[in-house]
Amino acid sequence: MTSTILPHTLLSDTKRYSIHDSVIDTVGNTPIVKLHRMSRKKGVDIYVKLESENPGGSVKDRLAVGVIEWAEQNGQLKPGQTVVEATSGNTGIGLAMVCARKGYPFVCVMAESFSIERRKLMRF
């Protein structure tokens with residue numbers, strides 16, 4: 001990952017204010033936040049990982065990167081091939097993003113009942 005830290009970073013949050021070479025480099029670099037007063041038991045710490053901070057807004061971005069990179073590494077996906085997925089959810093959004101960055105055509109198959117907004121989100 002190639003990144004440059006901008007001089008105006010706040011609270012030592014260097015990843016959030018980095019310049020990345022690719023949107024794919026930002027997948028998974030989500031913050032972990034301690035939740036205070038969530039447990040009634042003393043000495044119990046609870047943390048959450050904010051997967052909504054992934055570029056596609058979901059933990060499914062991780063899945064999309066993993067699936068595409070596994071397929072590339074194992075010879076299942078080659079330049080010029082098209083990725084087809086039957087989904088209208090966050091997996092499709094993640095795959096659309098990864099395929100757009102890596103140059104693979106992406107076809108998302110969904111029912112006509114899905115919203116126009118959801119369809120537009122899959123286009124690049």
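All values reported here derive from a predicted model rather than from experimental measurement. Along the sequence shown, residues are numbered consecutively beginning with 1.
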side-chain contact (heavy atoms from CB on, under 4.5 Å) partners for E69, two or more places apart: I24, V65, E72, Q73, K102
4.5 Å side-chain heavy-atom contact, K60 and I93: no
Hydrophobic cluster membership, M38 vs I32, 4.5 Å side-chain cutoff: no
A64 versus G94, closest heavy-atom pair with distance: CB-C, 3.4 Å
Under 3.5 Å donor-acceptor, N54 side chain and V27 backbone: no
Partner of E85 under side-chain contact (heavy atoms from CB on, under 4.5 Å), chosen from V107, V109, L95: L95
S22 to R101 - nearest heavy-atom pair and separation: OG-NE, 3.0 Å
D21 CG to T26 OG1 distance, which is reported to the nearest 0.5 Å: 11.5 Å
Nearest heavy-atom neighbours spanning I68 and C99: CD1-SG, 4.1 Å
Considering all heavy atoms, the nearest T87-C108 contact: O-SG, 2.7 Å
Closest contact, heavy atoms only, G28 versus R62: O-NH2, 3.2 Å
Joint cluster assignment, V83 & V23, ILVMFWY side-chain distance < 4.5 Å: yes
From OH (Y104) to OG1 (T82), nearest 0.5 Å: 11.0 Å
Nearest heavy-atom neighbours spanning K78 and Q81: N-OE1, 2.6 Å
Linked, directly or transitively: V44 and L35 (ILVMFWY side chains, under 4.5 Å): yes
M110 reachable from V84 in the ILVMFWY side-chain graph, under 4.5 Å edges: no
